[in-house]
Protein chains: 2
Amino acid sequence: MSVTTDRLRDLIHTTQGELPPLTAELVRDLEVPDRMAIAEVAALTGVSAHTLRYYERIGLVDVPRDAAGRRVYDRDAVGRVVFITRLRDSDMPIAAIARYVELVKQGPETEPERLALLEAHREDILHRLRDLQGALAVVDYKITTYGGACGT
Amino acid sequence: MSVTTDRLRDLIHTTQGELPPLTAELVRDLEVPDRMAIAEVAALTGVSAHTLRYYERIGLVDVPRDAAGRRVYDRDAVGRVVFITRLRDSDMPIAAIARYVELVKQGPETEPERLALLEAHREDILHRLRDLQGALAVVDYKITTYGGACGT
DNA sequence: GTAGGACTTCGAGTGCACTCGAAGGCAAGC
DNA sequence: GCTTGCCTTCGAGTGCACTCGAAGTCCTAC
């Protein structure tokens, strides 16, 4: 793993990008090697090789091959993996991601439905954030009142 | 379902309690019926009767019974269910909750370990919040740039 | 030329958290 | 007294997202 990809892995996992809050785009714009083996992608993204193959098998990413049939991830494929990872991290079901990818394959006339999918997922994320903040408040309260009366 | 329990269900599901950011405690302090049937608890908490039985079966809550063997949830039991729900909502694994409950049963000398468990979970929640905010940024970006070039 | 290691496909296995269904008990209302 | 409906236990089934293992291929280094 080069210094470059190390730095990139950090960038990819940084949530607070300054101006473009991106990741998939980052991968395409910055100098990631354009021909990566599956193990390198796994190291870069934190997704296991097994899971990367699984994602391809179910149609979430298309990955080019070399003459011997080995996967060669280009920047595009890596970008897609990173994007999928973001969606999974925020609990978008595989089925919804698959639907989204299918729409992209079908062409530009599916953009409204894609947008609707993303907006629905956005609502899910906001809901999830509220839940988590509520839970955090409860846990914080429990922590700060420890030594107090409770037995729950 | 009475007006009281309707109001309470709202309170329970409100994330932004003003001063005490509580829920389990709320249940104990406010006037929830002290003898609730499983279906009532299900309606109040949003947890299915099946799941409530499951929680009891695996030792997460103890629930008193009436003469005929039917579950009668007192305020305490309801409070525990609500607390468990908060932990589950924030993805604490059942096993960790079970461990916590076991510690509570063992008595006050286990408080340090309980506290450690909660603090670890607190870190998990914070981590999760960061992930979600990152994902939100990515999704928002995708949404606002739709109609743009991207095909990912 | 051969050992090592990273890769391939395929199908099957795992873990978690429910979720369901069957078979039966019991109290209330008609 | 019988239906209705909510309750009980128990074990089995489900769905999701991986995760693994076996058997084989291919390039590199010695």
Side-chain angles (χ1 to χ4, degrees), chain A residues 1 5 33 35-74 77-78 81 83-101 121 124 128 131 135, chain B residues 1 5 33 35-74 77-78 81 83-101 121 124 128 131 135:
Chain A
M1 180 96 4
T5 50
R35 300 178 47 80
M36 299 181 75
I38 192 165
E40 296 174 304
V41 177
L44 182 66
T45 61
V47 178
S48 79
H50 272 301
T51 300
L52 287 171
R53 288 189 204 102
Y54 165 70
Y55 283 170
E56 186 184 356
R57 192 158 68 202
I58 63 176
L60 298 194
V61 244
D62 288 340
V63 184
R65 305 306 175 101
D66 68 9
R70 281 190 233 93
R71 289 171 181 80
V72 181
Y73 286 77
D74 54 19
V78 174
V81 167
F83 183 53
I84 290 165
T85 304
R86 287 304 194 159
L87 296 180
R88 288 292 309 127
D89 280 353
S90 50
D91 295 323
M92 184 185 272
I94 292 274
I97 301 177
R99 174 78 184 138
Y100 183 84
V101 169
H121 183 53
D124 289 346
R128 198 86 192 80
D131 273 3
Chain B
M1 182 92 7
T5 50
R35 300 177 48 81
M36 299 180 75
I38 193 167
E40 296 173 305
V41 178
L44 181 66
T45 61
V47 178
S48 78
H50 272 302
T51 301
L52 287 171
R53 289 189 203 102
Y54 165 69
Y55 284 169
E56 185 184 356
R57 193 158 66 200
I58 63 175
L60 299 194
V61 244
D62 288 339
V63 184
R65 306 304 175 103
D66 67 9
R70 282 190 231 95
R71 287 169 182 82
V72 179
Y73 286 78
D74 55 19
V78 174
V81 168
F83 183 54
I84 290 167
T85 304
R86 287 303 195 162
L87 296 181
R88 289 293 307 127
D89 280 353
S90 50
D91 295 323
M92 184 184 273
I94 293 274
I97 301 178
R99 173 77 184 139
Y100 182 85
V101 169
H121 182 54
D124 289 346
R128 198 87 193 77
D131 273 3

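Throughout, a chain's letter reflects where its sequence line sits, starting with A, and its residues are numbered from 1.
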Heavy-atom side-chain proximity of [X] to [Y] below 4.5 angstrom:
X	Y	result
A:Asp124	A:Asp91	no
A:Val78	A:Glu40	no
B:Thr85	B:Arg88	no
A:Ile38	A:Arg53	yes
B:Ser90	B:His121	yes

Whole-Å gap separating [atom2] ([N]) and [atom1] ([X]):
X	N	atom1	atom2	value
B:Tyr73	D:dT8	OH	C1'	12 Å
A:Leu52	C:dT8	CG	P	10 Å
A:Ile38	C:dC7	CD1	P	7 Å
A:Glu40	C:dA6	CD	C1'	11 Å
A:Met36	C:dA6	CE	C1'	15 Å
B:Met92	C:dA17	CE	P	12 Å
B:Asp91	D:dA17	CG	C1'	14 Å
A:Ile58	D:dC16	CD1	C1'	11 Å

Nearest-0.5 Å distance, OG1 of residue B:Thr45 to OH of residue B:Tyr73: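 Reported to 0.5 Å precision, the distance equals 8.5 Å.
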Nucleotide nearest B:Arg88 when distance is taken to its side chain, options C:dC7, C:dC18, D:dT8: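 The nucleotide sitting nearest to the side chain is C:dC18.
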Closest to the A:Pro93 side chain, choosing from C:dT8, D:dT9, D:dA17: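 Closest nucleotide to the A:Pro93 side chain: D:dA17.
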Could you point out which residue of A:Val41, A:Asp74, A:Val72 forms a side chain to side chain contact (heavy atoms under 4.5 Å, CB included) with A:Met36?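 Single pass found, and it is A:Val41.
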N/O donor-acceptor pairs under 3.5 Å from side chains in residues 55-65 of chain B, not counting sequence neighbours:
{"residue": "B:Glu56", "atom": "OE1", "partner": "B:Arg65", "partner atom": "NH2", "Å": "3.4"}
{"residue": "B:Glu56", "atom": "OE1", "partner": "B:Arg71", "partner atom": "NE", "Å": "2.4"}
{"residue": "B:Glu56", "atom": "OE1", "partner": "B:Arg71", "partner atom": "NH2", "Å": "3.4"}
{"residue": "B:Glu56", "atom": "OE2", "partner": "B:Arg65", "partner atom": "NH2", "Å": "2.7"}
{"residue": "B:Arg65", "atom": "NE", "partner": "B:Val63", "partner atom": "O", "Å": "3.4"}
{"residue": "B:Arg65", "atom": "NH1", "partner": "B:Gly69", "partner atom": "O", "Å": "3.1"}

For A:Arg35, check side-chain hydrogen bond (donor to acceptor under 3.5 Å, both in side chains) against everything at least two apart and list the hits.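 Expected list: none.
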Looking at residues 60-67 of chain A, who's got a heavy atom less than 4.0 Å off DNA chain D?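 Within this stretch, nothing sits under 4.0 Å of the strand.
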Distances under 3.5 Å between nitrogen or oxygen atoms of protein and nucleotides 19-25 of chain C:
{"residue": "C:dT19", "atom": "O4", "partner": "B:Arg57", "partner atom": "NH2", "Å": "3.2"}

Could you pull out all residues at least two apart from A:Asp89 that satisfy salt bridge (charged side-chain N to carboxylate O under 4.0 Å, His left out)?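 Salt bridge (charged side-chain N to carboxylate O under 4.0 Å, His left out) list for A:Asp89, sorted by chain: empty.
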Tell me whether the OP1 or OP2 atom of D:dA17 has a side-chain N or O from A:Tyr55 closer than 4.0 Å.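 Checking A:Tyr55 against D:dA17: no side-chain N or O falls below 4.0 Å of OP1 or OP2.
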Would you indicate what B:Ala37 reaches in the nucleic acid, counting non-hydrogen atoms under 4.0 angstrom: base, sugar-phosphate, or nothing?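 Answer is sugar-phosphate: B:Ala37 comes under 4.0 Å of backbone atoms only.
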Given pairs defined as Watson-Crick or G-U wobble with both distances under 3.5 Å, what dot-bracket annotation applies to DNA chain D, with ( ) intrastrand, [ ] crossing, | other strand and . unpaired? ||||||||||||||||||||||||||||||
